[in-house]
There are 2 protein chains.
Amino acid sequence: MSANMGTDSTPAHGAGADETLRAWRTGIDTYQEPVVYMRRDCAVCRSEGFTTQARVQLTARSGSIVATLSVVDGPWLGHGIAGLSEAAWTSLRPQPGEWLTVSHAPVLESLSHVRAKVYGHRLDAGAFSAVIGDIAAGRYSDLHLATFITACAGDRLDLDETVSLTRAMIDVGERLDWGRDRVVDKHCVGGLPGNRTTLLVVPIVAACGLTMPKTSSRAITSPAGTADTMEVLAPVDLDIAAMRRTVESTGACIVWGGSVRLSPADDILIRVERPLDLDSEGQLVASVLSKKAAAGSTHVLIDLPVGPTAKVRSAEAAKTLGRRLIEVGRAIGLQVALRVTDGLQPVGRGIGPALEARDVLAVLRREADAPDDLRQRALRLAGDILELGGAAPEGHGLRLAAEVLADGRAWSKFAAICEAQGGLREVPLASHRQVVEAPSGGRITAIDNRVLSRAAKLAGAPKAPAAGVDVHARLGDVVQAGQPLFTLHAQAPGELAYARQYVDARPPIFQISEVS
Amino acid sequence: MSANMGTDSTPAHGAGADETLRAWRTGIDTYQEPVVYMRRDCAVCRSEGFTTQARVQLTARSGSIVATLSVVDGPWLGHGIAGLSEAAWTSLRPQPGEWLTVSHAPVLESLSHVRAKVYGHRLDAGAFSAVIGDIAAGRYSDLHLATFITACAGDRLDLDETVSLTRAMIDVGERLDWGRDRVVDKHCVGGLPGNRTTLLVVPIVAACGLTMPKTSSRAITSPAGTADTMEVLAPVDLDIAAMRRTVESTGACIVWGGSVRLSPADDILIRVERPLDLDSEGQLVASVLSKKAAAGSTHVLIDLPVGPTAKVRSAEAAKTLGRRLIEVGRAIGLQVALRVTDGLQPVGRGIGPALEARDVLAVLRREADAPDDLRQRALRLAGDILELGGAAPEGHGLRLAAEVLADGRAWSKFAAICEAQGGLREVPLASHRQVVEAPSGGRITAIDNRVLSRAAKLAGAPKAPAAGVDVHARLGDVVQAGQPLFTLHAQAPGELAYARQYVDARPPIFQISEVS
């Protein structure tokens with residue numbers, strides 16, 4: 001049909017397919033979705049026919065972004081002004097008052113693949129590449145992202161689709177190269193509150209000479225991600241140059257993957273997964289392995305905690321997920337090893353960034369009351385990695401790991417890593433606390449990890465780093481009526497009340513059986 | 001755990017679980033999602049630990065709503081102020097400057113059902129009731145809604161689930177009772193541009209003495225819904241009292257279902273389905289039948305246009321969907337009849353509210369060049385309903401329908417209905433047009449309805465009522481090179497250019513084969 005267009009009105013370009021408005025920073029925090037605010041009566045809205053929720057392209061001298069439009073009837077927004085949300089302002093980076101060109105966003109052809117997936121069709125590599133390319137370029141609204149995530153959730157991605165998604169996610173970001181044969185890494189498939197072994201494994205392994213450039217995520221559905229906990233102790237939002245300097249000088253790092261943008265599409269997907277509280281196997285595998293491959297790792301140990309209230313609930317589910325991780329790893333050139341661990345109860349005592357950081361420091365500093373379960377877990381994982389990375393003969397990794405922890409080399413290494421990342425920090429304390437006591441005496445026979453995590457989140461974790469839950473009793477312990485079971489920590493009284501209300505309304509989190 | 005809470009800080013209610021701010025109308029149009037804007041440094045954010053995207057409860061003297069929080073750093077929002085989006089303002093209806101109580105929204109327990117559905121589990125009646133209850137009460141954010149819609153899309157709801165969803169949607173709204181044995185209705189399962197038979201069927205049927213209180217929807221994924229087209233000719237946003245007056249005086253009405261709020265949850269789901277361009281069988285059935293049941297209908301005819309580019313693409317798909325409609329209808333006490341119609345090409349000439357309204361008027365006024373396909377379709381459907389409703393013996397409905405159209409009774413009835421709804425309106429004309437001509441001569445062998453619809457939407461339909469596509473050639477026509485195939489209509493030059501760009505970038509919408 002091209003080149004055969006008649007016209008009985010003014011040529012389309014005559015009236016201006018694009019229009020200009022002056023950039024103004026509104027300071028509205030829309031949680032990373034770029035939004036632009038324009039008056040309903042402005043010339044651009046009128047001539048372009050823009051209405052609320054339209055996707056518009058904003059172009060400044062610095063580049064272009066796509067944003068969601070909110071039309072405004074109200075005198076607070078001036079004539080001729082495009083008000084930008086914080087996410088729009090920081091990704092476009094215009095000069096204040098700069099003229100922006102405003103036009104219709106290009107049609108998002110890749111949405112047809114998302115719709116096909118919603119209707120249950122398989123997607124090929126080209127489809128994932130198109131979707132992930134558009135996502136990384138910021139062309140999807142939050143609603144589009146929610147639809148893609150939901151359509152891929154559960155077991156709706158097969159092996160080939162998961163490989164395609166993983167490759168697409170690697171391809172849209174940078175990929176590091178350390179010039180070494182073996183670069184090790186680890187990942188824990190979350191779901192177990194307080195399981196903060198990474199902060200112990202990295203310094204142990206690096207103290208034995210291995211290279212471990214660790215990028216970690218912030219919490220998706222949990223009260224703290226490894227990056228959230230590490231941030232309590234040192235800066236984690238390093239760029240790639242700073243990450244490289246840290247690894248060159250200490251052999252390792254623990255940084256937030258989002259700021260080095262190794263898998264930028266993943267970071268965008270996570271911002272929507274979080275409020276939805278959704279995880280999916282395919283996206284989990286793609287998320288984990290794309291980050292590892294992009295970080296230049298060659299050998300990766302995956303920790304799979306299994307328990308009825310952990311993320312992986314049965315040995316069977318761990319096997320399925322483990323197999324998928326190994327297969328996708330092989331397809332993209334990563335050697336993946338697994339360790340299935342006990343996921344019956346929280347690890348350590350703290351749940352929440354600061355409380356977990358406190359536990360980690362106690363182990364590294366060999367304090368007498370340091371949580372032994374956290375130490376034992378970390379040593380086993382470190383032992384595996386020492387063998388996987390060739391730093392210890394098979395069967396000797398665990399002993400070597402225990403040595404470098406016991407003689408203080410791990411603590412020195414951790415301190416060196418923190419210094420290289422910008423300086424070791426003090427752990428903050430929560431201003432508001434409330435103890436929850438045992439309603440009756442007896443032996444603790446079960447602990448609901450999910451409800452504990454939820455309480456920690458309602459108390460403010462991870463956004464309020466000192467918030468969370470401090471657990472005082474473990475499976476098998478015999479407790480008296482009135483003995484403290486756990487303490488809620490919050491940085492705001494409203495959040496403390498909210499978490500307490502939630503705990504009050506639930507069946508008991510700790511099951512206590514009478515001791516006969 | 002209840003009644004066993006110790007405390008080592010101030011009691012939670014002492015510091016105030018709730019806080020107050022003054023209501024201010026920002027005029028920000030967030031497309032129906034209630035949003036509240038609060039300064040990051042306000043006492044409420046600080047004491048409650050609120051962060052962006054938190055779900056908060058706002059309470060005024062007039063009632064309570066749940067809104068999504070956007071935190072603001074910027075001087076334009078005053079201290080002590082809660083800025084409300086238009087959707088928040090119009091649903092809460094506070095007095096300007098009224099003190100609002102701001103607190104955490106209650107935990108949304110029904111989201112666990114949504115997650116279960118995402119992971120592929122069946123939901124029972126109680127689960128749907130909980131989800132739909134929360135949706136109707138405005139407790140779901142747009143992201144939550146997108147997840148629920150996607151999780152139910154495709155064929156992910158079985159018969160029992162669809163019945164439960166339909167019942168839940170009826171139960172949260174009002175249900176009309178007309179005190180008559182038979183109240184007829186019709187519904188077209190869209191996907192066919194220009195198929196505006198309702199505006200003809202209703203006056204024909206009512207002129208024969210049947211009761212037909214028609215509520216119609218606005219467009220979801222199409223360039224015009226029946227309510228959008230009717231609105232060009234008369235007001236459609238009647239409340240229930242006005243709808244009742246119209247039906248009492250004329251025997252019928254054609255109003256927008258959203259303003260009578262007969263199935264309020266459906267209206268909320270539709271606002272998110274629209275930008276996602278998603279439909280699902282289960283939600284389609286629940287949406288259609290819940291509206292009919294709530295409107296007090298007893299006998300419903302469903303028009304199922306079938307064609308490769310219509311919404312229902314095969315006779316097989318029509319059968320499956322038809323069976324589901326009949327079965328769910330039976331479960332909720334509605335007698336459903338089906339008519340499968342030809343969905344190969346657009347009906348009438350116009351696509352878009354005003355262009356379709358023009359076609360309808362031409363048929364009602366018996367103009368010489370009125371589109372005959374639209375007339376024939378409407379007569380067949382009206383004939384079916386006349387028989388279903390007992391106004392004509394079997395086999396005689398079509399003839400009766402043709403009579404009341406031919407003798408002007410249908411036109412008089414339509415004019416009476418428009419008057420009762422608030423007055424018959426003039427049809428507006430688009431200010432910007434562009435003709436698309438045949439690139440070569442020959443016979444038209446196929447027309448891509450989906451691309452035509454998309455072009456009409458890009459040109460501004462349905463939000464700009466005069467926008468759309470006017471089709472000049474039909475399947476089987478022989479055309480010359482350069483002969484007009486269709487005309488794009490727009491109310492803004494940018495939208496005209498946008499639609500033309502889209503058409504230019506596609507393979508031909510009309511397939512033209514050389515005539516040998």
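Just so it is clear, the model here is predicted, and its values are computed rather than measured. Chain letters run A, B, ... following the sequence lines, proteins first and then strands; every chain starts at 1.
With a 4.5 angstrom heavy-atom cutoff, A/P75 does not touch chain B via any of its atoms. Heavy atoms closer than 4.5 Å to chain B are found in both the backbone and the side chain of A/A151. Proximity to chain B (any heavy atom under 4.5 Å) is restricted, for A/A105, to the backbone atoms N, CA, C and O. Only the side chain of A/E109 comes within contact range of chain B, with heavy atoms under 4.5 Å apart. Contacts between B/P484 and chain A at a heavy-atom distance below 4.5 Å are absent for every atom of the residue. Proximity to chain B (any heavy atom under 4.5 Å) is shown, for A/R25, by neither the backbone nor the side chain.
The most heavy-atom pairs under 4.5 Å with chain B, out of A/D142, A/V114, A/T147, come from A/T147. Between chain A and the options B/T30, B/V107, B/L77, the largest number of non-hydrogen pairs under 4.5 Å is found for B/V107. Chain B forms the most heavy-atom pairs under 4.5 Å with one residue out of A/T26, A/V72, A/D29, and that residue is A/D29.
For the atom pair A/T150 OG1 and A/L145 CG, the distance stands at 10.5 Å (nearest 0.5 Å). Atoms CG and CD1, on A/L269 and A/I149 in that order, are 5.0 Å from each other to the nearest 0.5 Å. For the atom pair OG of A/S141 and CG of A/L111, the computed distance is 8.0 Å after rounding to the nearest 0.5 Å.
The pair A/R156-A/E281 does not meet the salt-bridge criterion, since no charged nitrogen lies less than 4.0 angstrom from a carboxylate oxygen.
The aromatic rings of A/F486 and A/F510 sit parallel to each other, their planes meeting at less than 30°, with 60° as the upper class boundary.
B/Q491 contributes a side-chain N or O that, together with a main-chain N or O of B/A466, makes up a donor-acceptor pair within less than 3.5 Å.
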